[in-house]
Amino acid sequence: MGGFFPSFPFYVPDSPGTPLWWDISFWLFQLVVMSALLLTLRRWAIRADLDREEAYQESLRTPEKS
């Protein structure tokens with residue numbers, strides 16, 4: 001096209017025989033899925049830490065009977 005249309009600013013590795021839009025959409029899909037996975041794991045880890053801290057504080061308030 002002679003440089004009329006702007007190009008994608010990043011190098012996208014392409015697979016032979018597949019159109020360029022498929023590679024870009026696959027990378028975007030991976031980005032969304034991995035971001036969601038990381039945010040979910042972060043939320044679970046924070047919740048587990050808070051539960052553990054709450055249990056520890058509760059054990060300090062009520063002494064064990066020996």
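All figures in this text were calculated on a predicted structure; none of them were measured in a lab.
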*At what distance, to the nearest 0.5 angstrom, does CH2 of W21 lie from CZ of F26?*
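If I round to the nearest 0.5 Å, the distance is 12.5 Å.
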*Rounded to the nearest 0.5 Å, what's the gap from CG on L60 to OH on Y56? Could you check?*
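Answer for the CG-OH pair, L60 versus Y56, is 4.5 Å.
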Check residues 36-50 and write down every donor-acceptor pair under 3.5 Å in which the side-chain atom is one partner and the other belongs to a residue at least two apart or another chain.
| unit_1 | atom_1 | unit_2 | atom_2 | d |
| --- | --- | --- | --- | --- |
| T40 | OG1 | A36 | O | 2.8 |

_Just to verify, what does E54 make a salt bridge (charged side-chain N to carboxylate O under 4.0 Å, His left out) with, not counting sequence neighbours?_
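For E54, no residue satisfies salt bridge (charged side-chain N to carboxylate O under 4.0 Å, His left out) once neighbours in sequence are set aside.
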*Mind checking what makes side chain to side chain donor-acceptor pair (under 3.5 Å) contact with Q30, not counting sequence neighbours?*
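Scan of Q30 (side chain to side chain donor-acceptor pair (under 3.5 Å), adjacent residues dropped) gives none.
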